[in-house]
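Below is one structure, written out as structure tokens; the observations come after it.
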Amino acid sequence: MTGRIIGTGSYVPERIVTNEDLAKLVETSDEWIVTRTGIHERRIAVEEGTSAMASRAAERALENAGIKAEELDIILMATSSPDHCFPNGACEVQAAIGAVNAVAYDISAACSGFEFALSTVQAFIRAGIYKTALIIGADCLSKLTDWSDRGTCVLFGDGAGAAVIRAEKTGVIHSVMGSDGVKGPVLSCVARSEGNFLNERKPELGYIYMDGQEVFKFAVKKVPECIRQVLEESKTDIEEVKYFVLHQANYRICEAVAKRLKQPLDKVPMNIGSYGNTSGATVPILLDELNRQGRLQRGDKLVLAGFGGGLTWGAALVEW
Ligand code: COA
């Protein structure tokens, strides 16, 4: 038995923030943002938090899968911007959707979180522990963004994506995950860990910090590497892959990955222009769009791949 994706769903907030809007906040321009990143606009949560977005995406995924929330055995929510320290976001989703029979917890692996959640439920399913899972990637990075830092504030957006996974004969063929904690400081947000009752908190540490060029170099090396690894270990020819559903961090990173893999860019769908980098949510939002646009047929092979803070990275080869 393996885990098959039987339904997807996504949710993005209504509020659109364009590059022009940001140019009123920091010294930047639409031209700079578009040429360096491919981003035109992003969605920013005004009223809803991470768990509310995740719950909407989860409901849509359940509806798409045609199953009831009570059938879920496990809910994993990948997020690095939960609304609270506890209860965890997955438990809040459980309550919102009525998944009374599920165990629920969060996974923190930043932008690779959805791939980590997929690998984790896959292991549970293969071990025969659970049959039906809901995995969610949800982030509200606008809460962690320094809106006066032009180097980061133009990159991110808010949103959530979800997938229902069920034990079946075909589905996730293979997955790989990796981490490099030594390089963690190049992309960090250390708000909660700093300060205790003896040392005062430092509010300036509450925001995302990023060494953009280091992250760029890491991404264009690691993403092709882990994709090759997942294909080699599953003895799959790269030409069999219909789409590479990559973490949407930067148009140029997706382009560089396609080039390194010697694959045409039309096999690398992108929606970064509309949403920016929604962290753990980019891959499931994109997957949901492909699914709802009817671009995925039973038997299609897809590679899902993510990278991000930790540093972390992961890829999965999936038969639709
Ligand atoms: N608008 C205008 N200028 C900006 C700017 C903005 N929003 N942000 C930075 N700049 C300036 C810099 O200050 C710098 O100016 P200087 O030369 O006078 O010092 C110049 O633009 C070039 O900055 P640099 O950081 O070298 O640009 P870059 O080509 O590396 O592009 C990123 C910056 C962030 C777009 C790019 O490094 C990147 O995409 N990195 C990966 C980020 C990522 O994927 N993060 C998420 C991982 S999950």
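When a ligand or atom number is given, it counts from 1 through the structure's own listing order. Source: prediction; values computed, not measured.
- Summary of contacts: the protein heavy atom closest to atom 18 (O) of ligand 1 is Arg150 NH2, 4.9 Å.
- Here the heavy atom of the protein found nearest to atom 28 (P) of ligand 1 is Arg36 NH1, 3.5 Å.
- The residues Glu214 and Lys217 are annotated as salt-bridged, a charged nitrogen and a carboxylate oxygen being separated by less than 4.0 angstrom.
- By the 4.5 Å heavy-atom criterion applied to side chains, Ile238 and Lys262 are not counted as neighbours.
- Close approach to Glu27 involves these atoms of ligand 1, each under 4.0 Å from a residue heavy atom: 1 (N), 2 (C).
- Of all atoms in ligand 1, numbered sequentially from 1 with element shown, those under 4.0 Å from a heavy atom of Ala249 are 44 (O).
- Only side-chain heavy atoms of Leu187 come within less than 4.0 Å of ligand 1; its backbone N, CA, C and O stay farther off.
- Taking atom 41 (C) of ligand 1 as the reference point, the nearest protein heavy-atom neighbour is Gly212 O, 3.4 Å.
- How far CG of Leu72 is from CG of Asn101: 9.0 Å, rounded to the nearest 0.5 Å.
- Nearest heavy atoms, Asp139 versus Gly280: OD2-N, 3.0 Å.
- When only non-hydrogen protein atoms are considered, atom 30 (O) of ligand 1 lies nearest to Gln213 CG, 3.4 Å.
- Heavy atoms of Val215 come nearer than 4.0 angstrom to ligand 1 in at least one pair.
- Distance check on atom 3 (N) of ligand 1: some protein heavy atom falls below the 4.0 Å cut-off.
- For atom 1 (N) of ligand 1, the closest non-hydrogen atom on the protein side is Thr28 OG1, 2.7 Å.
- Under the 4.0 Å criterion applied to side-chain N and carboxylate O atoms, Arg228 and Glu225 are not assigned as salt-bridge partners.
- Test Arg295, Lys242, Lys267 against Asp300 for salt bridge (charged side-chain N to carboxylate O under 4.0 Å, His left out) and you get one pass: Lys242.
- Taking 4.5 Å as the limit, every side-chain heavy atom of Phe124 sits out of range of all side-chain heavy atoms of Asp73.
- A donor-acceptor pair shorter than 3.5 Å cannot be found between the side chains of Thr37 and Arg252.
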request  = Verify side chain to side chain donor-acceptor pair (under 3.5 Å) between Asp158 and Ser142, making sure each step is shown before the conclusion.
outcome  = CA-CA 7 Å; Asp158 300 331; Ser142 61; 2.6 Å; yes
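- Taking a cut-off of under 4.0 Å to the non-hydrogen atoms of Met210, the atoms of ligand 1 that pass are 34 (C), 42 (C), 43 (C), 45 (N).
- Every atom of ligand 1 with a heavy atom of Val154 under 4.0 Å away is listed here by number and element: 7 (N).
- Contact annotation: Ala219 has no heavy atom less than 4.0 Å from any atom of ligand 1.
- Nearest protein heavy-atom neighbour of atom 8 (N) of ligand 1: Trp32 CH2, 3.3 Å.
- The NE2 atom of His174 lies 9.5 Å from the NZ atom of Lys235; values are rounded to the nearest 0.5 Å.
- The protein heavy atom nearest to atom 31 (O) of ligand 1 is Arg252 NH2, 3.8 Å.
- Remark: ligand 1 atoms within the under-4.0 Å shell around heavy atoms of Cys111 are 48 (S).
- Ranking protein heavy atoms by distance to atom 46 (C) of ligand 1, first place goes to Asn277 ND2, 3.5 Å.
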